[in-house]
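The structure follows.
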2 protein chains.
Amino acid sequence: MSGIRAQQKEKTRRLLIDAALNQLSAERSFSSLSLREVAKEAGLAPTSFYRHFSDMDELGLTLVDEAGLTLRQLMRQARQRIAKGGSVIQISVETFMELIESNGNVFRLLLRERSGTSAAFRAAVIREIRYFTMELCDYLQHAKNLDTEVAYMQANAAVTIVFSAGSDALDMDDKSERAQLSKQTIQQLRFIARGAAELSDRRKISKKTNK
Amino acid sequence: MSGIRAQQKEKTRRLLIDAALNQLSAERSFSSLSLREVAKEAGLAPTSFYRHFSDMDELGLTLVDEAGLTLRQLMRQARQRIAKGGSVIQISVETFMELIESNGNVFRLLLRERSGTSAAFRAAVIREIRYFTMELCDYLQHAKNLDTEVAYMQANAAVTIVFSAGSDALDMDDKSERAQLSKQTIQQLRFIARGAAELSDRRKISKKTNK
DNA sequence: AATTTAAGTGTACACGTGTACGCTATTGTT
DNA sequence: AACAATAGCGTACACGTGTACACTTAAATT
């Protein structure tokens, strides 16, 4: 099996995925996309859609997977940059904002669409974000030597702040406005980091004195 | 003019508003609601809808106004409780969570629906949230004597965290789970408050030494 | 070379949608 | 008492939707 057939199939599958992503915008949520619209944008007959996905829901799940991949790519890239030195928070936020600029529509799926979708879809989105949060939590625990619970709360707050800022950035066309938003987000993350570090310290001290 | 007619009209207008609110859920966003569905739920013929709103968009804007009112009610209630003493953050979060429990669907409009709606709708939501943020910013500036810019960043971060937690709470049926979420949210707000207070102090010192 | 498999097409159907239009019945105005 | 205004209804229409079904055509298998 040379696979010239499977190869073609994969190609038009991507056509469908990209067609869906391209139609996303501030006005247009995934849940408001119709099977026919997506097929048309991909240059296919409506019924051909079924050769690749049984449902718009299934396409949606695939898109969320795609978004998850992008999120991991983000983590890898940020880690590489951090290894070269500099402010961890600043580098992370800037890397995130860059990725939003180039992969805007992929992120809309994770940042918007909190309702009006299937339960499976929402669960998938939540799973991706949780995974991301846990990665950050691990990092905080080890690199910053934080109390487990405190690390989780910091990670959770940080992800909420960054994703919310990312969501806002999606609708900004002015570049200086985005830069301002980045700056503010960085400062907010520092607030959180500072507060978390203090609580973690206090907890450690109280544990020692209890011994 | 006794207004028995206008009175009736207002009554069925409320029927439409409530019908729309009642149909909101995790699965069902406002943007996915159809004019006919809302009219049916209200016990009206589809075309009667037009006697009250020219559009689903117009209904949407009305709902956002409604949500804005609820938000102000929240602020008033929180202020009253705070005046009686206690942790400001804790009281605020608990008041917020209470209101979400009783007015869940009103909040879905503000907390979800970040896309897939008309530009006017999104603008209205953003306006309400901004107003809320500004109120908090004012409070922080005066009561806590914070630097203007720092106060804004804290207010913005706090609102993001609380609204995100509120959005999560909307889909929880377990009461203890909600309590845990409240606790976590309170701690996160304290992180932010602590970090902001420190930065504000540092800025004041540097201003003094510059004189 | 003959046969099977499957990606993509076109037609067809039932259904839900927004809304234009004319009607009825009741309230408000003159 | 006569008239105007209007909330609500029913019908009707064009349109977009998901999808079932029978088809072509090219690759894969035998």
Side-chain angles (χ1 to χ4, degrees), chain A residues 1-25 27-63 113 115-121, chain B residues 1-25 27-63 113 115-121:
Chain A
M1 44 169 160
S2 69
I4 167 166
R5 188 161 206 149
Q7 202 175 320
Q8 263 302 331
K9 180 164 186 180
E10 190 55 35
K11 212 169 165 182
T12 72
R13 187 183 140 101
R14 270 242 74 82
L15 239 52
L16 281 169
I17 291 176
D18 292 339
L21 283 177
N22 285 336
Q23 307 223 16
L24 294 181
S25 71
E27 328 280 333
R28 218 77 172 69
S29 68
F30 175 77
S31 58
S32 77
L33 248 49
S34 78
L35 184 153
R36 285 175 110 107
E37 280 176 309
V38 174
K40 191 174 195 175
E41 173 86 9
L44 293 183
T47 47
S48 300
F49 182 96
Y50 296 106
R51 302 294 181 192
H52 304 272
F53 305 99
S54 68
D55 223 39
M56 276 295 284
D57 267 9
E58 201 174 299
L59 210 201
L61 292 180
T62 305
L63 291 183
E113 319 280 352
S115 70
T117 50
S118 75
F121 184 97
Chain B
M1 47 168 159
S2 70
I4 168 168
R5 187 161 208 150
Q7 201 175 319
Q8 264 301 330
K9 180 163 185 181
E10 190 55 33
K11 212 168 165 183
T12 71
R13 186 184 141 101
R14 271 242 72 83
L15 239 52
L16 280 169
I17 292 176
D18 292 339
L21 283 178
N22 285 335
Q23 308 222 17
L24 294 181
S25 72
E27 327 280 332
R28 218 77 171 67
S29 68
F30 175 77
S31 58
S32 78
L33 248 51
S34 79
L35 185 151
R36 285 175 111 105
E37 279 177 309
V38 174
K40 192 173 195 176
E41 173 85 8
L44 294 182
T47 48
S48 299
F49 181 95
Y50 296 106
R51 302 295 183 191
H52 303 272
F53 306 99
S54 68
D55 225 37
M56 276 295 285
D57 267 9
E58 202 174 299
L59 210 202
L61 291 180
T62 305
L63 292 183
E113 318 282 353
S115 71
T117 51
S118 75
F121 185 97

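Lettering of chains follows the sequences in order, A, B, ..., and the numbering in each one begins at 1.
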Q) Applying the side chain to side chain contact (heavy atoms under 4.5 Å, CB included) test to H52(B), which of L15(B), L59(B), L16(B) qualifies? A) L16(B)
Q | Partner residues of E10(A) under the side-chain contact (heavy atoms from CB on, under 4.5 Å) criterion, sequence neighbours left out | A | R13(A)
Q. Is there a donor-acceptor pair under 3.5 Å between the side chain of E113(A) and the backbone N or O of F30(A)?
A. yes
**Q.** Least distance between heavy atoms, L33(A) atom then A20(A) atom
**A.** CD2-O, 3.6 Å
**Q.** Euclidean distance, atom CD1 of residue I4(A) to atom C1' of dT5(C) [Å, nearest integer]
**A.** 15 Å
Q.
To the closest 0.5 Å, what do you measure between CG (L21(A)) and CZ (R14(A))?
A. 8.0 Å
**Q.** Reading 5' to 3' through nucleotides 6-18 of chain C, protein heavy-atom contacts under 4.0 Å coded B for base, S for sugar-phosphate only, - for none
**A.** BBBBB-B----BB
